[in-house]
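Reading through the structure tokens given below for one structure.
Below, each value reflects all heavy atoms present in this structure, side chains not excepted, and no hydrogens, waters or symmetry copies.
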Amino acid sequence: MPGICAYVFAASFGEVASWIAAAIGVVVLFGVSIFVHEGGHFAAAKLLGLRADVFSIGFGPALWKRKIGQTEYRISAFPFGGYVALPQLDPVGMARIQGSAGGDGAAEPLQPALWWKRLVVAVAGPLCNVALAVPLAVLVWALPPVENPALSFGGAVIGTVRHGCEAERAGLREGDMVLKVAEKSVATWSDFIQEVHLCGEDGAVSIAVSNIVDGAARTVRAGVERDQIGTQRIAGISQAEVCGIGAVVPGSAADVEAGLKPGDTLIAVENVRGTSPAAFAAMLAAAGAPE
């Protein structure tokens with residue numbers, strides 16, 4: 001249609017903001033992981049009566065520090081890890097990390113920690129990370145899956161099928177909504193990818209589909225192959241994509257006659273739903289509208 005420009009997954013301000021928020025979230029979670037890990041070492045050492053000179057999140061110069069009792073707590077300049085200075089475990093190594101011996105009474109002779117205390121302190125950090133991972137895993141499992149907001153098909157819909165591929169020969173078509181994989185129901189594209197990976201050990205999976213264009217329901221058996229990172233997948237297919245309108249030329253037919261606006265989403269042409277930008281372009285061309 002004259003006067004419109006299409007986009008697919010254009011990076012809007014909201015999307016950029018979501019990427020920034022995700023990056024901040026990664027940094028925060030990494031910091032929490034460091035804190036929990038080093039906190040495990042620190043708590044075990046204190047319970048066993050060992051001295052802790054420094055508890056630091058990050059390495060390098062201290063941006064903030066405060067001494068409470070024998071221990072100096074720090075937030076350091078380089079947030080790529082952390083450490084607890086335990087001179088009874090490794091006095092030379094701790095001094096090297098800090099750039100000095102650190103802590104009051106550094107010259108005071110200390111008895112090296114017994115072997116079993118060393119073991120307990122060493123294991124405490126990873127165990128605390130495992131303890132943190134369990135509730136996080138439960139939370140991720142409990143949260144509903146997040147699909148790309150640019151998709152509005154409401155399920156695992158196949159958008160393109162490469163001509164001549166094994167998926168096409170198996171009977172998969174553009175517009176097929178996957179309902180089940182090996183008798184396991186799927187509600188999103190992420191579910192579909194996961195179930196194909198889990199159920200494709202014998203080189204093929206049974207897939208129940210219903211086409212969103214003509215409503216045809218059927219079950220096919222499609223071949224599965226491993227990609228470069230070992231994920232089992234059905235080659236030659238891709239997820240359905242919505243085609244959005246990025247700009248409308250003022251005074252054009254799209255503007256004046258159709259009343260289209262930037263941000264509108266193309267759902268169907270002549271009451272036939274499209275499943276990819278390429279499909280919409282072909283449908284518009286077939287309907288007599290120039291691309």
Report whether [X] and [Y] are members of the same hydrophobic cluster (ILVMFWY, side-chain heavy atoms less than 4.5 Å apart, transitive linking).
X	Y	value
Leu136	Val26	no
Leu119	Leu114	yes
Leu127	Val120	yes
Leu47	Leu86	no
Phe35	Val123	yes

**Prompt:** Run the side-chain contact (heavy atoms from CB on, under 4.5 Å) check on Glu168 and His163 step by step: do they pass?
**Reply:** CA-CA 7 Å; Glu168 183 185 55; His163 180 65; 3.4 Å; yes

[X] vs [Y] side-chain heavy atoms within contact, under 4.5 Å:
X	Y	answer
Tyr73	Lys65	no
Phe42	Val121	no
Arg233	His197	no
Asp176	Ile207	no
Pro112	Arg118	yes
Trp116	Leu48	yes
His37	Pro126	yes
Val27	Leu29	no

Any idea which heavy atoms bring [X] and [Y] closest together, and the distance?
X	Y	result
Ala52	Lys46	CB-CD, 4.3 Å
Val36	Asn129	CG1-N, 4.1 Å
Arg221	Ala170	O-CB, 3.5 Å
Phe192	Ile234	CZ-CD1, 4.0 Å
Pro79	Ile34	O-CD1, 4.5 Å
Phe55	Thr71	N-CG2, 4.0 Å

What distance do [X] atom [atom1] and [Y] atom [atom2] have between them, rounded to the nearest 0.5 Å?
X	Y	atom1	atom2	answer
Ser210	Lys180	OG	NZ	13.0 Å
Glu195	Ile193	CD	CD1	11.0 Å
Ile75	Ile57	CD1	CD1	8.0 Å
Gln70	Asp53	CD	CG	7.5 Å
Ser206	Lys184	OG	NZ	12.5 Å
Leu172	Cys165	CG	SG	8.0 Å

Side-chain donor/acceptor of [X] to backbone N/O of [Y], under 3.5 Å:
X	Y	answer
Arg218	Gly171	yes
Ser56	Gly58	yes
Gln88	Arg51	yes
Asn211	Gly215	no

message: Ring centroids only, cut at 6.0 angstrom: are Tyr83 and Phe59 within range, meaning strictly under it?
response: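 Aromatic pair counts; centres sit under 6.0 Å.
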
(request) Give the C-alpha distance, both sets of side-chain angles, the deciding distance and a yes or no for salt bridge (Lys or Arg N to Asp or Glu O under 4.0 Å) between Arg173 and Asp214. (result) CA-CA 11 Å; Arg173 295 189 293 150; Asp214 58 21; 3.1 Å; yes

Steps toward side-chain contact (heavy atoms from CB on, under 4.5 Å) verdict (Val157, Gln239): CA-CA 6 Å; Val157 180; Gln239 186 179 14; over 6 Å; no

Residues, nucleotides or ligands: over 12 heavy atoms within 6.0 Å of Trp115 CH2: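 For Trp115, atom CH2 is not crowded (no more than 12 foreign heavy atoms under 6.0 Å).
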
Requested in this report: Report the C-alpha separation of Thr160 and Ile237 in whole Å, then their side-chain angles, then the decisive distance to 0.1 Å, and conclude whether the side-chain contact (heavy atoms from CB on, under 4.5 Å) test is met.
Outcome: CA-CA 6 Å; Thr160 60; Ile237 64 173; over 6 Å; no

query = Could you walk me through whether Leu132 and Val32 pass the side-chain contact (heavy atoms from CB on, under 4.5 Å) check?
reply = CA-CA 9 Å; Leu132 173 65; Val32 170; 4.2 Å; yes

